[in-house]
Amino acid sequence: MITVQRARDRKESGGAPVEIGAIVIAVAGVAGTLGGALLTQRGAERTKRREIELVRAHEEKRENQALRRTGYVDLNRDARQFTTALNRHLHTLRERGIEDADRAALDAAKDAFRDRYSEAQMIAPDTVLAPAARVHHALTAVYGQVKRLERGTPEPGESMDSAVEAQQAIWDPLREMRAAMRADLGVD
């Protein structure tokens, strides 16, 4: 009897019976589909953001290494040129006396090295700065000794021979500095 009553109610209402369970399932299905698409989109955006961050970090690392490489090449070159200029200056001082052009050449080499060393202090790690500082101190010490000899006012124990020995001794710290720079760049 109840079934007949339901059938009559369906006919009178003009349509199929509305089942709440079916509506809930339909709404849940639509929400799930939309929610899944939204979550997928957010996940893709997060992944893309991570990829961009990784690419930026890699580019920054590569740029830093290129900057260090250029700085190291310049520092090594100018340290060697300053060492060579000191050697030339000592030979000139011993052979004929120093002229203004000789002083200018030595000072230009010193200034170039000073500039490169200052740049290295801003970009090089401590593992490179320590040997670079030893080179800097050795070069400036020999420069001071050479200038005092040039003026005729050497300190006790300073002579042409001691200046030549000190200048020749710079090559070992130069090799240590170059090795530290190569190790920092991964070139062993």
Side-chain angles (χ1 to χ4, degrees), residues 49-188:
R49 218 175 302 124
R50 272 190 245 135
E51 286 176 15
I52 290 170
E53 289 170 4
L54 286 173
V55 167
R56 282 184 188 149
H58 181 68
E59 287 174 1
E60 186 175 314
K61 183 178 179 181
R62 192 172 57 226
E63 287 173 11
N64 282 338
Q65 186 168 16
L67 178 65
R68 284 195 327 269
R69 180 182 299 117
T70 300
Y72 292 169
V73 166
D74 293 344
L75 177 63
N76 186 56
R77 179 198 61 228
D78 289 342
R80 296 172 73 80
Q81 287 178 345
F82 187 18
T83 303
T84 301
L86 284 166
N87 187 43
R88 258 190 238 120
H89 204 76
L90 283 166
H91 283 293
T92 303
L93 183 60
R94 187 178 282 173
E95 292 170 2
R96 65 169 164 81
I98 301 298
E99 298 174 1
D100 287 341
D102 301 318
R103 285 183 193 90
L106 179 60
D107 287 341
K110 176 185 66 78
D111 292 345
F113 172 72
R114 181 202 58 224
D115 292 346
R116 296 306 158 254
Y117 179 68
S118 295
E119 291 170 5
Q121 288 177 313
M122 296 296 112
I123 62 170
D126 290 340
T127 55
V128 172
L129 282 180
R134 285 191 292 275
V135 169
H136 177 262
H137 294 302
L139 284 167
T140 55
V142 173
Y143 176 81
Q145 188 174 358
V146 167
K147 294 308 265 183
R148 286 187 295 276
L149 288 169
E150 182 184 314
R151 288 189 307 265
T153 59
E155 291 183 356
E158 290 183 339
S159 66
M160 285 296 289
D161 290 338
S162 69
V164 168
E165 282 180 31
Q167 184 274 329
Q168 289 299 312
I170 294 171
W171 291 105
D172 286 336
L174 274 171
R175 280 188 280 278
E176 292 170 12
M177 179 182 73
R178 184 183 65 227
M181 291 187 290
R182 289 174 59 87
D184 182 49
L185 295 173
V187 182
D188 279 339

**Request:** Could you label the plane-to-plane angle of the His136 and Tyr117 rings as parallel, tilted or perpendicular, counting under 30° as parallel and over 60° as perpendicular?
**Result:** parallel
**Request:** Taking the side chain as every heavy atom from C-beta outward, state whether Trp171 and Arg80 have any atom pair closer than 4.5 Å.
**Result:** yes
**Request:** Please round to the nearest 0.5 Å and tell me the distance separating atom NZ of Lys110 and atom CG of Leu139.
**Result:** 11.5 Å
**Asked** Are Val128 and Arg68 side-chain neighbours, meaning at least one heavy-atom pair lies under 4.5 Å?
**Response** no
**Message:** Does Arg56, at its CZ atom, have more than 12 non-hydrogen atoms belonging to other residues, nucleotides or ligands within less than 6.0 Å?
**Reply:** no
**Electrostatic pair Asp161-Arg94, nearest N-O below 4.0 angstrom** = yes
**Fill in**
When rounded to the nearest 0.5 Å, the distance separating NE2 of His89 from CG of Asp102 is 6.5 Å
**Asked** Mind checking whether Thr83 and Phe113 have side chains closer than 4.5 Å, heavy atoms only?
**Response** no
**Message:** If you define the side chain from C-beta out and look only at heavy atoms, does anything of Asn87 sit under 4.5 Å from Gln168?
**Reply:** yes
**Item:** CG-CZ distance between Leu129 and Arg134, expressed to the nearest 0.5 angstrom
**Value:** 11.0 Å
**Asked** With a cut-off of 6.0 Å (strictly less than), are more than 12 heavy atoms of other residues, nucleotides or ligands near CZ of Arg69?
**Response** yes
**Request:** Flag the pair Glu119 and Arg116 as a salt bridge only when some basic side-chain nitrogen lies within less than 4.0 angstrom of an acidic carboxylate oxygen.
**Result:** yes
**Request:** Go through the steps to decide whether Ile52 and Arg49 satisfy the test side chain to side chain contact (heavy atoms under 4.5 Å, CB included), and finish with yes or no.
**Result:** CA-CA 5 Å; Ile52 290 170; Arg49 218 175 302 124; 5.8 Å; no
**Message:** In the structure I gave you, are the side-chain heavy atoms of Lys147 and Glu150 within less than 4.5 Å of one another anywhere?
**Reply:** yes
